[in-house]
Amino acid sequence: MTPTTETGSLFLQPDRNLALELVRATEAAAIRAQPWVGRGEKNLADGAAVDAMRKFLGTVNFDGVVVIGEGEKDNAPMLYNGEHVGNGHGPACDIAVDPIDGTSLTAAGRQNAISVMAVSDRGSMYDPSAVFYMDKIAAGPEGRGVLDLDKPIGDNIRALAKAKGKDLEDMVVAVLDRPRHDELIRAIRATGAGTRLLLDGDVAGGIAAALPGSAIDMCVGVGGTPEGIITACAIKALGGVLLGKLQPKDDEERERAIAAGHDLDKVLDQDDLVTGDNTFFVATGVTDGVLVDGVRRSRGVIHTDSLVLRSRSNTIRRIQADHRAEKWF
């Protein structure tokens with residue numbers, strides 16, 4: 001029988017799933033960060049995670065360039081923007097890393113801190129350097145062709161509820177709990193929908209909105225542009241939708257964006273943020289959250305919970321692993 005889809009081709013000629021190697025790096029970062037959970041030391045937690053992730057990335061068979069990292073080289077000695085990672089062999093890739101998405105959550109011992117990595121073909125990731133924030137809306141496949149970032153939030157909630165066959169009072173919308181979102185939160189609740197307020201880390205919220213069977217239907221609000229690109233890699237694997245519009249924080253950033261050629265009125269979608277159909281996303285829980293459980297230690301064993309997504313095959317994998325604690329501490 002001749003395959004008629006790319007998935008069928010992958011069955012007959014399977015290629016390597018890079019994410020299954022990359023997950024070792026997010027596992028390492030989460031494990032190293034775990035002793036700092038609830039200790040009030042977010043910089044020490046982040047440093048431990050960065051160091052562990054970088055060491056494991058050096059063993060992976062690919063030529064990666066960090067497009068989204070810990071910052072510029074002078075301020076981020078490890079995993080800085082423009083750094084080459086991997087062993088230099090294999091596919092040439094763009095890479096976005098966040099050793100801990102939610103350092104403050106980790107320091108406080110709160111939920112939804114994750115170690116995250118997204119990878120795509122070289123040159124395919126949107127450059128987020130001009131504008132740090134963007135207004136975003138994310139949902140699952142039912143939101144394609146239904147959501148409109150330029151419409152009021154109430155219209156989008158009602159349209160998505162209809163597409164999903166849900167009552168308005170059963171809809172749940174995730175949004176970062178920030179003063180800038182006070183009016184947005186009131187508008188969401190005015191429709192009859194409920195909110196899931198996120199203290200930090202809108203990557204987890206955006207992906208949860210697109211996962212099958214998730215309690216979250218939509219994720220909205222202004223968050224980081226780098227986080228939007230990381231989320232887009234996952235959304236493409238889930239067949240969902242992510243819409244975003246750049247939001248300069250001041251006139252200086254606005255002028256810099258215009259000089260860089262950005263159209264500030266354009267609504268970007270997941271295919272603008274990451275071109276092509278070959279994206280990988282991996283996340284390992286540092287603390288328990290909506291996507292994955294956090295790291296647990298018990299009787300000399302460290303347990304990790306990870307989510308692995310790939311757009312080319314549209315696969316969703318959940319990987320639970322037990323590690324001997326004596327190998328790590």
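Since the model is a prediction, treat every value here as computed from it, not as a measurement.
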Which value, rounded to the nearest 0.5 Å, describes the distance between [X] atom [atom1] and [Y] atom [atom2]?
{"X": "Ser306", "Y": "Gln320", "atom1": "OG", "atom2": "CD", "value": "9.0 Å"}
{"X": "Asn278", "Y": "Asp121", "atom1": "CG", "atom2": "CG", "value": "4.5 Å"}
{"X": "Arg122", "Y": "Cys93", "atom1": "CZ", "atom2": "SG", "value": "7.0 Å"}
{"X": "Leu211", "Y": "Leu307", "atom1": "CG", "atom2": "CG", "value": "6.0 Å"}
{"X": "Thr304", "Y": "Ile31", "atom1": "OG1", "atom2": "CD1", "value": "5.5 Å"}
{"X": "His323", "Y": "Arg297", "atom1": "NE2", "atom2": "CZ", "value": "12.0 Å"}

Are [Y] and [X] co-members of a hydrophobic cluster defined by side-chain heavy atoms under 4.5 Å apart?
{"X": "Val23", "Y": "Val292", "value": "no"}
{"X": "Met134", "Y": "Leu184", "value": "no"}
{"X": "Leu273", "Y": "Leu264", "value": "yes"}
{"X": "Ile153", "Y": "Val172", "value": "no"}
{"X": "Val203", "Y": "Leu309", "value": "yes"}

Fill in the blank from the handout: Those residues at least two apart in sequence (or on a different chain) that pass salt bridge (charged side-chain N to carboxylate O under 4.0 Å, His left out) with Asp51 are Lys55
Handout entry: Hydrophobic cluster partners of Leu105 (side-chain heavy atoms under 4.5 Å)
Key =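 Hydrophobic cluster check, Leu105: joined to Leu199.
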To check you understand the geometry: which heavy-atom pair defines the closest contact between [X] and [Y], and what is its length?
{"X": "Ala210", "Y": "Ala139", "value": "CB-O, 3.7 Å"}
{"X": "Ala138", "Y": "Gly206", "value": "CB-O, 3.9 Å"}
{"X": "Glu27", "Y": "Ile319", "value": "OE2-CG2, 4.3 Å"}
{"X": "Gly294", "Y": "Asp288", "value": "N-OD1, 2.7 Å"}
{"X": "Ala193", "Y": "Ile157", "value": "CB-CG2, 4.1 Å"}
{"X": "Ala208", "Y": "Val290", "value": "CB-CG2, 3.9 Å"}

Side-chain contact test, heavy atoms from C-beta onward, threshold under 4.5 Å: evaluate it for [X] versus [Y] and give yes or no.
{"X": "Ile316", "Y": "Pro212", "answer": "yes"}
{"X": "Asn87", "Y": "Thr59", "answer": "no"}
{"X": "Leu198", "Y": "Val175", "answer": "no"}
{"X": "Val308", "Y": "Phe280", "answer": "no"}
{"X": "Glu83", "Y": "Arg54", "answer": "yes"}
{"X": "Asn156", "Y": "Ile137", "answer": "yes"}
{"X": "Phe56", "Y": "Thr26", "answer": "no"}
{"X": "Trp328", "Y": "Arg32", "answer": "yes"}

[Y] versus [X], side-chain donor and acceptor atoms under 3.5 Å:
{"X": "Asp322", "Y": "His303", "answer": "yes"}
{"X": "Asp63", "Y": "His84", "answer": "yes"}
{"X": "Thr279", "Y": "Arg310", "answer": "no"}

Exercise for the section: Would you please name every residue forming a ring pair (Phe, Tyr, Trp, His ring centres under 6.0 Å) with Tyr126, sequence neighbours left out? Expected result: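 Per chain and number, Tyr126 pairs via ring pair (Phe, Tyr, Trp, His ring centres under 6.0 Å) with His262.
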Polar side-chain atom of [X] near backbone of [Y] as donor-acceptor pair, under 3.5 Å:
{"X": "Asp202", "Y": "Gly205", "answer": "no"}
{"X": "Asp94", "Y": "Ser124", "answer": "yes"}
{"X": "Thr284", "Y": "Ser115", "answer": "no"}
{"X": "Thr195", "Y": "Leu197", "answer": "no"}
{"X": "Thr106", "Y": "Gly102", "answer": "yes"}
{"X": "Asn81", "Y": "Val66", "answer": "no"}
{"X": "Asp277", "Y": "Ser311", "answer": "no"}
{"X": "Thr103", "Y": "Ile100", "answer": "no"}

Practice task
Walk me through it: do Asp272 and Val267 pass the test side-chain contact (heavy atoms from CB on, under 4.5 Å)?
Solution key: CA-CA 9 Å; Asp272 295 311; Val267 174; over 6 Å; no
Handout entry: Pair listing, side chain to side chain donor-acceptor pair (under 3.5 Å) test, anchored in residues 166-188, at least two apart
Key = Lys166-Asp217
Problem - Test log, rule side-chain contact (heavy atoms from CB on, under 4.5 Å), inputs Val65 and Ile95 - result: CA-CA 6 Å; Val65 173; Ile95 179 170; 5.5 Å; no
Practice task
Begin from the C-alpha positions of Val97 and Val116 and carry the test side-chain contact (heavy atoms from CB on, under 4.5 Å) through to its verdict.
Solution key: CA-CA 6 Å; Val97 296; Val116 178; over 6 Å; no
Practice task
Before giving the answer on side-chain contact (heavy atoms from CB on, under 4.5 Å), spell out for Thr287 and Gln34 the whole-Å C-alpha distance, their side-chain angles and the decisive distance to 0.1 Å.
Solution key: CA-CA 8 Å; Thr287 60; Gln34 189 274 333; over 6 Å; no
Tell me which donor-acceptor pairs under 3.5 Å the side chains of residues 223-250 have, and how far apart each pair is, sequence neighbours excluded?
residue: Thr225; atom: OG1; partner: Val131; partner atom: O; Å: 2.9
residue: Thr225; atom: OG1; partner: Phe132; partner atom: O; Å: 3.1
residue: Thr225; atom: OG1; partner: Tyr133; partner atom: O; Å: 3.4
residue: Thr231; atom: OG1; partner: Glu227; partner atom: O; Å: 2.7
residue: Lys236; atom: NZ; partner: Asp271; partner atom: OD1; Å: 2.4
residue: Lys236; atom: NZ; partner: Val274; partner atom: O; Å: 3.1
residue: Lys236; atom: NZ; partner: Gly276; partner atom: O; Å: 2.9
residue: Lys245; atom: NZ; partner: Asp150; partner atom: OD1; Å: 2.8
residue: Lys249; atom: NZ; partner: Glu253; partner atom: OE2; Å: 3.1
residue: Asp250; atom: OD1; partner: Glu252; partner atom: N; Å: 3.3
residue: Asp250; atom: OD1; partner: Glu253; partner atom: N; Å: 2.7

Problem - Asp305/Arg318 ion pair, N-O < 4.0 Å - result: no
Only distances under 3.5 Å count here; give the side-chain donor-acceptor pairs of residues 36-43 to other protein atoms, sequence neighbours excluded, each with its distance to 0.1 Å.
residue: Arg39; atom: NE; partner: Pro35; partner atom: O; Å: 3.3

